[in-house]
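So the structure is just underneath, and the comments pick up after that.
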Amino acid sequence: MSITSEKQLPEAVAAWRDAEMDSVKGTETPKDPNKGYIALLGWSINAIKAAQKFDRRYIVVAPEWAEDFCAANNIPFISWDFIRLNDRSMEIAEKLKDEGVDVAIPLFEETVEWSGAINSVLLDSPRMFGQSILFRDKALMKRRAQLGGIRVGIFEEAHEKEDIVRFMKRVNQTLLKLDGDPDDPIHVKAFDKAGCLGHRMIRTLEEIDNIPDEEYPLLMESHLSGWEFAVEAWIHDGKIQFLNISEYVTLGYSVFVPATQELESWRNAITKQIELLIKTFDIQFGLIHPEYFVTADGEMYFGEVAYRPPGFKAFELIEKAYGFNAYQASMLVFDPKSTKEEVAAFFPREVVDAKGYAGCFGVYPRRRVVSKLEMPEETINHPYFESHELVAPAEETVPDRSAFGTHWGLIFFFGDDPIKMRDLLKAQEDLDFYV
């Protein structure tokens with residue numbers, strides 16, 4: 001790729017230049033024309049930096065607001081609006097095919113369907129689009145899991161408030177609840193949003209009134225009282241190449257990798273579940289991010305599965321713990337030109353090759369009114385503290401959290417003891433970062 005000098009760029013574009021990017025410094029890894037040409041769907045600076053240090057050609061497909069940044073930093077780019085679905089939707093697949101691209105990789109939830117549609121064209125595999133729908137629609141996803149013999153909780157779809165009322169009453173009737181007994185909670189989730197977005201735990205019938213009409217339709221699920229955890233599995237030729245178990249300390253707040261010995265003791269059982277998932281969803285390549293529950297009696301229940309990088313900077317945590325770049329790992333297993341030998345040589349051994357434990361905590365203000373960011377001494381003076389992404393508050397009044405809410409930023413930790421890491425992450429919940 002030819003490098004554009006800053007002087008050749010309009011002033012408004014040049015303002016986006018990042019002098020530390022390999023594409024600007026001229027230190028980008030040479031690209032091997034015999035290996036795959038990859039399209040990155042969506043926007044991730046860390047994914048772009050990883051691609052620049054990898055030997056595959058790449059192109060970024062992102063909304064037009066990314067165009068100036070890409071021009072300023074010599075990043076190959078195609079503008080595309082992932083929100084609009086119309087009769088021109090096939091155009092991006094045709095553009096990428098004409099460009100010579102071999103495969104498209106989704107970087108966030110809303111591009112999973114697009115990757116399925118595009119790859120059905122690039123790889124001449126029409127079933128891939130239908131498969132991508134299963135990864136996006138949580139109700140279809142759970143039905144497919146059931147068909148494959150995977151354990152799931154009770155679930156239904158809700159189109160209006162009365163559907164949730166009926167479901168909650170039916171679940172508690174099934175659990176033989178008597179008059180006066182507290183109801184067992186249920187969960188409602190958006191059909192196609194990532195992570196905790198749109199996720200609510202409903203404990204009383206009155207709480208159903210708090211759900212805005214625009215959030216329907218929803219998926220309703222029974223509550224599973226168990227140990228929830230996540231998996232990141234890289235798959236090539238239908239087989240697991242690397243399987244990481246991410247341990248949640250508190251869902252929506254904190255996670256660390258690798259997991260404690262207690263959770264890792266389930267690795268063989270977890271691996272069998274992932275192999276069943278791969279078979280059920282007919283997954284031949286790529287990165288999957290499923291979530292599971294282990295109940296007190298040792299049964300494992302499937303929560304959901306995503307076909308894109310997880311949230312809470314899990315890829316960055318994995319790189320910190322193991323040393324390999326998780327974005328490059330995804331490019332490797334997605335690339336149809338990768339060899340079995342190349343893939344096998346890329347990954348370290350699970351757990352034993354980890355250099356330590358990497359964790360992060362998502363901060364939510366605990367006060368209704370805040371004026372400044374103030375990092376607690378207990379946090380920044382802890383030997384495991386590494387860095388944080390928190391910024392000063394833009395306004396004093398803290399908005400009400402909708403459902404599980406969205407954190408205000410992450411704090412990163414790294415250390416050599418998983419129990420200390422778990423306790424440290426839990427302790428952050430009692431601290432004020434915004435005062």
May I have the step-by-step check of salt bridge (charged side-chain N to carboxylate O under 4.0 Å, His left out) for Lys49 and Asp22, ending in yes or no?
CA-CA 8 Å; Lys49 289 180 177 179; Asp22 287 327; over 6 Å; no
Go through the steps for Leu41 and Leu107 under the test side chain to side chain contact (heavy atoms under 4.5 Å, CB included), then give the verdict.
CA-CA 6 Å; Leu41 303 187; Leu107 294 180; 5.8 Å; no
Run Glu113 and Phe82 through side chain to side chain contact (heavy atoms under 4.5 Å, CB included) and show every step you take.
CA-CA 10 Å; Glu113 273 175 85; Phe82 293 110; over 6 Å; no
Check step by step if side chain to side chain contact (heavy atoms under 4.5 Å, CB included) holds for Val231 and Ser246.
CA-CA 6 Å; Val231 171; Ser246 291; over 6 Å; no
Under the criterion side chain to side chain contact (heavy atoms under 4.5 Å, CB included), I'd like the reasoning laid out for Ile38 against Leu40: C-alpha separation, chi angles, the key distance, then a yes or no.
CA-CA 6 Å; Ile38 291 161; Leu40 301 176; 4.0 Å; yes
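Between Glu28 and Lys53 no salt bridge is recorded (no basic side-chain N to carboxylate O distance below 4.0 Å). Residues Lys31 and Asp55 are not paired through a salt bridge, judged by the lack of any N-O separation under 4.0 Å between the basic side chain and the carboxylate. A salt bridge does not link Lys138 to Glu221: none of the charged side-chain nitrogens sits closer than 4.0 Å to a carboxylate oxygen. Note on Lys142 versus Glu304: no salt bridge recorded, every NZ/NE/NH1/NH2 to OD/OE distance being 4.0 Å or above. Salt-bridge formation is detected for the pair Glu109/Arg136: a Lys NZ or Arg NE/NH1/NH2 atom is positioned less than 4.0 Å from an Asp or Glu carboxylate oxygen. Using a cutoff of 4.0 Å between basic side-chain nitrogens and carboxylate oxygens, Arg366 and Glu429 are not scored as salt-bridged. A salt bridge links Asp237 with Lys340: at least one charged nitrogen is closer than 4.0 Å to a carboxylate oxygen.
With hydrogens and angles ignored, the 3.5 Å screen pairs no side-chain donor or acceptor of Asp416 with any backbone N or O of Gly356. Counting only distance, with no hydrogens or angles, the side chain of Ser79 and the backbone of Val61 share no donor-acceptor pair below 3.5 Å. Under the 3.5 Å distance criterion, the side-chain polar atoms of Thr280 are left unmatched by any main-chain donor or acceptor of Leu277. Checked by atom type and distance alone, the side chain of Thr260 never pairs as donor or acceptor with a backbone atom of Pro418 at under 3.5 Å. When atom types are taken as modelled, the side chain of Glu228 and the backbone of Phe293 share no donor-acceptor pair closer than 3.5 angstrom.
A 6.0 Å sphere centred on CD of Glu396 holds no more than 12 heavy atoms belonging to other residues, nucleotides or ligands. Within a 6.0 Å sphere centred on CD of Gln261, other residues, nucleotides and ligands contribute 12 heavy atoms or fewer. The environment of Asp124 atom CG is sparse: at most 12 non-hydrogen atoms of other residues, nucleotides or ligands sit within 6.0 angstrom.
Side-chain contact of Gln52 with Tyr58: a donor-acceptor pair under 3.5 Å is present, judged by distance alone. Judged purely by distance below 3.5 Å, without hydrogens or angles, the side chains of Asn46 and Glu316 pair a donor atom with an acceptor atom. If you check the side chains of Lys426 and Thr250, you find a donor sitting under 3.5 Å from an acceptor.
Paired with Val60 under the rule side-chain contact (heavy atoms from CB on, under 4.5 Å), one option of Trp43, Phe69, Trp80 passes, and it is Trp43. Between Tyr37 and the options Glu99, Arg57, Lys337, a side chain to side chain donor-acceptor pair (under 3.5 Å) holds for only Glu99.
Side-chain atoms of His388 and Phe412, non-hydrogen and from C-beta on, never get closer than 4.5 Å to each other. At least one side-chain heavy atom of Ile235 sits less than 4.5 Å from a side-chain heavy atom of Ile278. Taking 4.5 Å as the limit, some side-chain heavy atom of Ile240 sits within range of a side-chain heavy atom of Ile274. Using a 4.5 Å heavy-atom threshold, the side chains of Leu218 and Asp163 count as separate. Contact of the Asp98 side chain with the Lys95 side chain is not registered, since no non-hydrogen atoms from C-beta on lie closer than 4.5 Å. Residues Val255 and Glu247 form no side-chain contact, since every pair of their non-hydrogen atoms from C-beta on lies 4.5 Å or further apart. Under the 4.5 Å side-chain criterion, counting only non-hydrogen atoms from C-beta, Arg308 is not in contact with Thr111. Between Val294 and Ile270 the shortest side-chain heavy-atom distance does not fall below 4.5 Å.
Between Ser23 and Ile75, the shortest heavy-atom distance links the atoms OG-CG1, 4.3 Å. Between Gly36 and Asp102 the shortest heavy-atom distance is CA-OD2, 3.3 Å.
In this structure, the ring pair (Phe, Tyr, Trp, His ring centres under 6.0 Å) partners of Tyr434, at least two apart in sequence or on a different chain, are Trp408. Partners of Phe281 by ring pair (Phe, Tyr, Trp, His ring centres under 6.0 Å), not counting sequence neighbours, listed by chain and number: Phe135. With sequence neighbours excluded, the residues that form a side chain to side chain donor-acceptor pair (under 3.5 Å) with Glu342 are Lys35, Arg56. Applying the salt bridge (Lys or Arg N to Asp or Glu O under 4.0 Å) test to Asp137 and every residue at least two apart in sequence or in another chain returns nothing. Listed by chain and residue number, Phe334 satisfy the ring pair (Phe, Tyr, Trp, His ring centres under 6.0 Å) test with Phe285 (two or more places apart in sequence, or in another chain). With sequence neighbours excluded, the residues forming a ring pair (Phe, Tyr, Trp, His ring centres under 6.0 Å) with Phe302 are Tyr292, listed by chain and number. In this view, Lys97 satisfies the side chain to side chain donor-acceptor pair (under 3.5 Å) rule with no residue, not counting sequence neighbours. Remark: Asp68 pairs with no residue by the side chain to side chain donor-acceptor pair (under 3.5 Å) rule, at least two apart or across chains. When the side chain to side chain donor-acceptor pair (under 3.5 Å) test is applied to His289, the partners found at least two apart in sequence or on another chain are Glu232.
Aromatic rings from Tyr384 and Phe413 are positioned such that their centres are separated by 6.0 Å or more. Remark: aromatic rings of Phe414 and Tyr357 are distant, center separation not under 6.0 Å. For Trp234 and Phe315, the ring centers are positioned less than 6.0 Å apart.
Within the structure, the ring pair (Phe, Tyr, Trp, His ring centres under 6.0 Å) test picks out no pair touching residues 84-112 (sequence neighbours left out). Residue pairs meeting the side chain to side chain donor-acceptor pair (under 3.5 Å) criterion with at least one member in residues 262-275, sequence neighbours excluded: Glu264-Arg267.
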If you look only at distance, which donor and acceptor atoms sit under 3.5 Å apart when one is on a side chain in residues 148-159 and the other is two or more places apart or in another chain?
unit_1	atom_1	unit_2	atom_2	d
Arg151	NE	Glu299	OE1	3.1
Arg151	NH1	Tyr301	OH	3.2
Glu156	OE1	Arg170	NH2	2.8
Glu156	OE2	Arg170	NH2	2.8
Glu157	OE2	Arg143	NH1	2.9
Glu157	OE2	Arg143	NH2	3.1

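The aromatic rings of Phe324 and Tyr322 sit tilted relative to each other, their planes meeting at an angle between 30° and 60°. Ring geometry for His407 versus Tyr364: interplanar angle over 60°, hence perpendicular rather than tilted (30 to 60°).
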